[in-house]
Amino acid sequence: MAVSTRGMEMFFTKIKVMIVKKILFIFCLYLLHSCKNELKIEKHERPMEVFLIPQHLDNFAVVYEAKETIDFKKKIIYNIPANGLLIVKFQRNSSMFNHKYILVDKKNVRTDLQDFAKESYWKRVKNDKRYMLESLDGSYVDGIFSEGSANQIKISSDNPHAVKWFGIIIGSERDNQNILRKKLFYKIDSISKYIHSPQ
């Protein structure tokens with residue numbers, strides 16, 4: 001009788017283990033399915049920002065005046081001018097991080113600008129090649145360069161009166177990023193004073 005009871009206990013233990021395994025398997029399938037759907041939704045809801053950049057530039061900035069509303073569900077193409085400073089009427093959607101950077105030469109030949117951090121991670125960096133070294137954003141209020149400096153970088157301010165900006169620096173792995181970053185900040189500083197100066 002004792003052997004029979006032990007056998008029954010082992011039988012029920014095996015059944016319990018099988019049930020738990022099946023539940024875990026179904027749960028894992030559910031998680032995978034949920035993640036797949038979430039990625040599809042995220043990809044659909046995050047349109048691409050395309051930046052067409054003159055090949056000679058080592059930085060550019062886009063200033064957002066927030067005077068107009070646009071449809072953020074569509075691709076946004078920024079044609080960066082030769083001076084590397086573009087002022088647009090709409091406000092930037094802070095949740096947009098799907099970027100594509102393209103260098104354009106005088107003959108309109110286009111070359112994708114790769115992310116240095118990503119290429120460095122995969123050990124694909126070439127000494128003579130130019131990359132998107134860093135992307136920066138910030139804001140300013142009443143002509144004061146309120147966010148970002150050559151030594152300290154902050155995320156865009158939540159101040160509703162702040163004018164937002166976004167920019168990148170471009171160069172090879174040999175270039176001094178601090179110098180390139182300062183050039184970008186000087187550009188932003190000059191335009192912020194110009195926009196808020198008496199006309």
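The figures here come from the full heavy-atom set of this structure, side chains too, leaving out hydrogens, waters and symmetry mates.
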When you look at K164 and D137, which way does the salt bridge (charged side-chain N to carboxylate O under 4.0 Å, His left out) test go after all the steps? CA-CA 7 Å; K164 303 273 195 330; D137 73 340; over 6 Å; no
Assign the ring pair Y64 / Y78 to parallel, tilted or perpendicular, where the plane angle (0 to 90°) is split at 30° and 60°. perpendicular
Classify the ring geometry of F60 against Y101: parallel below 30°, tilted from 30° to 60°, perpendicular beyond 60°. tilted
Please list, chain by chain and in numerical order, all residues satisfying side-chain hydrogen bond (donor to acceptor under 3.5 Å, both in side chains) with K100, sequence neighbours excluded. D112
Is the shortest side-chain heavy-atom distance between [X] and [Y] below 4.5 Å?
X	Y	answer
L113	T111	no
E134	L136	yes
I168	L133	no
V104	I53	no

Excluding sequence neighbours, so at least two apart, what forms salt bridge (Lys or Arg N to Asp or Glu O under 4.0 Å) with D128? none
Partner residues of K106 under the salt bridge (Lys or Arg N to Asp or Glu O under 4.0 Å) criterion, sequence neighbours left out: none
Tell me, which pairs form a salt bridge (charged side-chain N to carboxylate O under 4.0 Å, His left out) where one or both residues lie in residues 116-125, sequence neighbours left out? E119-R124
Value rounded to 0.5 Å, distance of CD in Q114 from OH in Y131: 8.0 Å
In Å, rounded to the nearest 0.5 Å, how long is the span from CG of L103 to CD1 of I80? 11.5 Å
Members other than W122 in its cluster, when Ile, Leu, Val, Met, Phe, Trp, Tyr link by side-chain heavy atoms under 4.5 Å? Y121
Apply ring pair (Phe, Tyr, Trp, His ring centres under 6.0 Å) to F166 and list each qualifying residue two or more places apart in sequence or on a separate chain. F51, H99
Grab the two heavy atoms, one from K187 and one from N83, that are nearest each other, plus how far apart they are. NZ-O, 3.1 Å
